[in-house]
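Encoded as structure tokens, the structure appears first; notes follow it.
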Amino acid sequence: MSRSQSDENIRRELNTLTEVSKTLITHADLPELLDAVMERIINTFTPAEFGVVFIWYPQENVFRPHGICGKGIQNPQILKEMRLRAGEAITGKVYECGKAMLLNSPAEIAEIQSNINPNNLEKFVLTFGGESPHSMVAAQLCADDHKYGVLFLGSLKSSTTFSNRDLKFVETLADLIALVVDRVRLETESTETNVARQAELLRAEAMATLSHELRTPMASIKGYSTALLLEDISWPKEKEQEFLRLIDEECDNLQTMINDILTSSLLDVGQLSLELEPVRLERLTQEVVREMQHHTEIHHLVVDFPDDFPIVNADPLRIKQVIRNIIDNAIKYSPTGGLVMVRGEVRLNDIVISISDQGVGISREDLIPLFDKYFRVKSPTGYHVPGTGLGLPVARAIVEAHSGRIWAESNVGEGTALFFSIPSDGLNPAIDNE
Ligand code: ADP
């Protein structure tokens, strides 16, 4: 090789290295980076007419092609679907032995590609419109003892072949690409670890708050039952009844909280299932209202449904949970009492249940995250109302599982109305579901 030819080679290789290095400092995702790297290689490194980076996906046990680029590639989409198995073709062999390979004759190429799966072979041939490469090189992508895949370059013209010097240079390019893959892997791992750590922290905080909230009704139950059990004191009948009523009430509060925590965990793992049946919502609402009216003397609970209210297909226990959660809130957040109105409305394609109170109300900003998990409005008075912040998100999930919608309207100091809808499928009110 003449001096000027050697200088020209060095200049050409430096140019390719500079161009490739420029892409390496950008922060795109891996497929985008590999596209950019290969485009620069094919544009600046003359013997390479086309190139592909095969990345090894250990979970699937296959190499997937990335950065497909080149003049001879007529159908990159077909090549994208190629999945090479371990040890298959030049890619599989170079990945296994770690030694770069240069093939310059049709016989050598045919031999090394002899174990290629017929499906992959067909894709390879179709990609190049029936032509076969005359020369190819492949080098392993390896950084820090991590094997990532193989850089594969080829030429279709018989006049263009790779030299041994090119092979060395392709190894350098493969090392550079491996460094990029390694950097992206480390970045992804650290982001995933951070996200997991953040989620764990939030979960721990939520658990601490929930345990604290559960302790409030527990403390009341313990206090009243201990008082009733005191041997030295004989409580008047009236007092005894009052303590028992308070214990009963706090047990119901605990039950509501625990039900919401359990439902929320079921939702987290996608296991909320509905048992649909024809349901008379007015009757079901009356049951919940009767049960909840026992717990309050300062609130007046009223149910108002039209006579022609249809029967809906719903899960009665889950819908009870929704109505109970909303009425529970209407009572909890109306500390001075008042009217709690539960209305049923029939619309063209669905029914709407509304529950309105005359309580503290909710500001416009707090209405936005109202249905978010663990959201609770901070009380301006500092007065603490026990709760989990799960009642409304659970209600929303149940309503949405019924293909319905839930929403709220409110004015601070005037009261709140919660609405939810369920599609009505024209079931006849004459059906009895007792
Ligand atoms: P919680 O267990 O805290 O009641 P929810 O998810 O049921 O949880 O409600 C979330 C928050 O929305 C409550 O903490 C409360 O601040 C507010 N909220 C819900 N319903 C009402 C209402 N009827 N009136 C005023 N504020 C309400």
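Here the structure is a predicted model, which is why all the values come from computation and not from measurement. Order of appearance sets the numbers: ligands from 1, and atoms from 1 within every ligand.
- In this structure, CD on E414 lies 12.5 Å from CD on E409, to the nearest 0.5 angstrom.
- In this structure, F124 and F152 have tilted ring planes: the angle between them lies in the 30° to 60° band.
- Residues satisfying the side chain to side chain contact (heavy atoms under 4.5 Å, CB included) test with Q140, not counting sequence neighbours, are V94, C142, K147.
- When the side chain to side chain contact (heavy atoms under 4.5 Å, CB included) test is applied to V37, the partners found at least two apart in sequence or on another chain are V20, T23, L24, I41, I177.
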Give every pair formed by an N or O atom of ligand 1 and a protein N or O atom closer than 3.5 Å, one pair per line with both atom names and the distance to 0.1 Å, or write none.
from     : atom 1 : to   : atom 2 : distance (Å)
ligand 1 : 2 (O)  : T388 : N      : 2.8
ligand 1 : 2 (O)  : G389 : N      : 3.1
ligand 1 : 3 (O)  : Y333 : OH     : 3.3
ligand 1 : 3 (O)  : R376 : NE     : 2.4
ligand 1 : 3 (O)  : R376 : NH2    : 3.0
ligand 1 : 3 (O)  : G389 : N      : 3.4
ligand 1 : 4 (O)  : N329 : OD1    : 3.0
ligand 1 : 4 (O)  : K332 : NZ     : 3.1
ligand 1 : 4 (O)  : Y333 : OH     : 2.8
ligand 1 : 6 (O)  : G391 : N      : 3.3
ligand 1 : 6 (O)  : L392 : N      : 2.8
ligand 1 : 7 (O)  : N329 : OD1    : 3.3
ligand 1 : 7 (O)  : N329 : ND2    : 2.8
ligand 1 : 7 (O)  : L392 : N      : 3.4
ligand 1 : 8 (O)  : G389 : N      : 3.3
ligand 1 : 14 (O) : Y333 : OH     : 3.1
ligand 1 : 14 (O) : R376 : NE     : 3.3
ligand 1 : 16 (O) : V377 : N      : 3.0
ligand 1 : 20 (N) : N329 : ND2    : 3.4
ligand 1 : 23 (N) : D357 : OD2    : 2.9
ligand 1 : 24 (N) : T416 : OG1    : 3.4

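- Side-chain atoms of D260 never come within 3.5 Å of backbone atoms of V394 as a donor-acceptor pair (strictly under, hydrogens ignored).
- Applying the side chain to side chain contact (heavy atoms under 4.5 Å, CB included) criterion to K22, with sequence neighbours excluded, gives T18, E19, R40.
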